[in-house]
Amino acid sequence: MRGISKLRGLLLAGAVLGSFPVAAAEYTIASVKALTGPLAFVGVPEANAVKMAVDELNASNYLGAGNSIKLVSNDDQNDRAQITTLLTRAAKVDNALIVLGGANSVLMIAVAPLLNDLQIPMISTAQTAAPLAASKWYLKVTASSELQVAPLAQYAIDKIKPQRLAAIWGRDNDGHINNMKAFMGPLAAKGFKPIAEETILISDTDFGALSTKIAAAKPDAVWLGANAAQAANLVIQLKQAGVSSNVVLFGTAGLGVDYLKVGGKAVENTYFSIDYNDQSTNPMNVRFAQNYQKRFNTPPDNWAAVGYSETMIAARAIKDSMPNPTREKVLDAIMKMKGADVVLGGGKWTQKADRIPEYGPAVMVVRNNKPVPAQ
Amino acid sequence: MIAQQLVNGIVTGSVYALFALGFTLIFGTFKILNLAHAGVFMSGAFIGYFAVLNGLPLWLALVLAMIGSGLISYIVELGAFATIRGSGQIEFGALISSIGANLCLMSLGQRLSNTKVLRFPFETFPVEFYEFGPVRFSFLQVIILLVVVVLLMAMMFYLYKTSFGRQIRAVSGNERVASLLGVNPGLVYFQTFFISGALAGVAGIMIGLSFNSIHFYMGEPYLLKAFVVVVLGGLGSVHGAVVAGMLLGIFQNLAVAYLPSALTETIIYGLLFVVLLVKPSGLFGSEGVQVGVARR
């Protein structure tokens, strides 16, 4: 009798406990991006898209009913000391499962070893692959320069065959330097020698003297190693200085919406390998573009697409690590990730063994101020 | 190519001179390094941009930008300098407070632009080019040069031929004595900061139009160049700023044209170093004497 009543008590207790919902879990993602300073034009659209992605994921109960993602967003001010502090805070105070890192290659190289101490995965939008060697916790959302630019270089060799190629690139940006090497290397190997090699700074706006110099060299093609708006500005000044309107322009994956908007008619005939195609009819891309426009009153650019995609990758990694996700499990999930839904390239993101992801950047050309696949 | 680069250099240098003139005017008059000048310059470009975007003609946008950036410059004076003037540490205090004011202006610009690079609509200014032998220049370059020359002459006239200018120079020499002689220092501060800001505002629009780029960070590289111009020309020397601005523009263009472009900055700052070694007071500065617009 006593045993029966004990059993009854246990059943009652179970029923009472069972009638309460399981405690909702909150999983933290830390975003550490340049929201002020010279790289804010990258960090702000990325951070905007990260926030939008987190809100969408939470609204759709992506991690299961009751579970949610908590976003802790901070400004790294493009400053090494600030990033170090924020990474430490993300790992030790916020208990983040993953950090969405910044775009400055030099700073990412500097802070990568810290990830080993903190044992926290960071997926970064910087173009350099160098930090991969310094830390197994460091991950990239975008492909390496070689992967992004190689199809473009091959296209130039096979189809354009430039005889008088001028190269201009940002000397204070590791990504621009690597892109230039990835483009010029294969061409040089095939005997295409540049007639001019000039460098600029990220903050430069006056290209009058440089444009005159390039125009005097009469190029039939120009490599633009610059960010979108700066590259467009450069092209306008090149053409105003007398560079032929028929010149073929080659650019990096960073070109996109802003390049077309700022450059207008001047940027026709630009070939570039694209990370984010705003003309894509992929339903996820269409929804992303509509929601971003509605929320921020501006169309998304390449950086916004990168920020949105890295959040999707991080969220999927947390989901794949359920139940009880840990940083190690999240890292492992990203290492094994195949075909994650993103708004980059062909829409599917796959991690490779060398930790340089693949998502199928395509070679595009600007026709009537729109990027279309290059034939 | 050399003729073309000289034309480019003169146009670029004239805008440097315009920017640096306001900077040196404040330094020459009040011995203050106003680092918020970069933010005021950016504000002028933003005011002009939004005025054009709202359908106003460019000439009116230019006037609005001059008035707007002039007023912003005066607000900087009230907020960053006037409050610490009595502390006896105005030089160092002003350096820090002007950095703060500059950051405030840049943050505002960042908010307004959402960190995007803005540009005037394509039809804002007619894109016309003229060719004279090997030299090709745009209608915009001609207008920029004209505007800069007119403004510089107007400023020289104002400073050296009017009673307002004499008051500025009097306060620059000795504020207490000037006050005893009936000069209202408050009015002098207003005029000086307003003129300085107005010139920066025009320079902002000129740069925005010429280089298709308006950005919250656009003032920083020009501030650095203004330092070179001011030191090269002689601290506080108005004439020196004009000549040094032109020289810097021409030198920079020739360096890009005939030397590896990566060396341009090194050469410019190397030149500055040499000038400081040979003539520490700058091209138009007097050795051993603190120079200013008052010491003419």
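Note on naming: letters A, B, ... go to the chains in the order of the sequence lines (proteins, then strands), and numbering restarts at 1 for each one.
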With a 4.5 angstrom heavy-atom cut-off, could you sort out which part of B:Phe120 is near chain A: side chain, backbone, both or neither?
neither
Below 4.5 Å from any heavy atom of chain A, which atoms of B:Ile250 appear? Answer side chain, backbone, both or neither.
neither
Is the backbone of A:Ala209 close enough, under 3.5 Å, to the side chain of B:Gln5 for a donor and an acceptor to pair up by distance?
yes
Backbone N or O of A:Leu35 within a donor-acceptor pair of the B:Gln110 side chain at under 3.5 Å?
yes
Can you tell which of A:Thr212, A:Ile168, A:Thr199 has the highest number of heavy-atom pairs within less than 4.5 Å of chain B?
A:Thr212
Any idea which of B:Phe211, B:Phe129, B:Phe137 has the most non-hydrogen atom pairs under 4.5 angstrom with chain A?
B:Phe211
Between B:Asn8 and A:Gly208, what is the shortest heavy-atom contact and its length?
ND2-O, 3.5 Å
What pair of heavy atoms forms the shortest contact from B:Asn212 to A:Gln237, and how long is it?
ND2-CG, 4.1 Å
Can you pull out the residues in residues 43-54 of chain A with any heavy atom less than 4.5 Å from chain B?
A:Val44, A:Pro45, A:Asn48
Please classify the contact of [X] with chain B as side chain, backbone, both or neither, using a heavy-atom distance under 4.5 Å.
X: A:Ala241; answer: backbone
X: A:Gln240; answer: both
X: A:Ala40; answer: both

Let me confirm one number: the [atom1]-[atom2] distance from [X] to [Y], rounded to the nearest 0.5 Å.
X: A:Ser203; Y: B:Met218; atom1: OG; atom2: CE; value: 12.0 Å
X: A:Ile236; Y: B:Ser210; atom1: CD1; atom2: OG; value: 12.5 Å
X: A:Asp206; Y: B:Tyr222; atom1: CG; atom2: OH; value: 5.5 Å

Please tell me if the side chains of [X] and [Y] come closer than 4.5 Å, counting only heavy atoms from C-beta onward.
X: A:Asp301; Y: B:Lys116; value: yes
X: A:Lys261; Y: B:Arg119; value: no
X: A:Trp303; Y: B:Thr115; value: no

Atom CZ of A:Arg367 with >12 non-hydrogen neighbours under 6.0 angstrom:
yes
Taking side chain to side chain contact (heavy atoms under 4.5 Å, CB included) as the criterion, tell me which of A:Asp204, A:Val262, A:Thr205 meets it with B:Ser213.
A:Thr205
State, without any angle test, whether B:Asn114 and A:Thr298 hold a side-chain donor-acceptor pair at a distance under 3.5 Å.
no
For A:Trp169, check ring pair (Phe, Tyr, Trp, His ring centres under 6.0 Å) against everything at least two apart and list the hits.
none
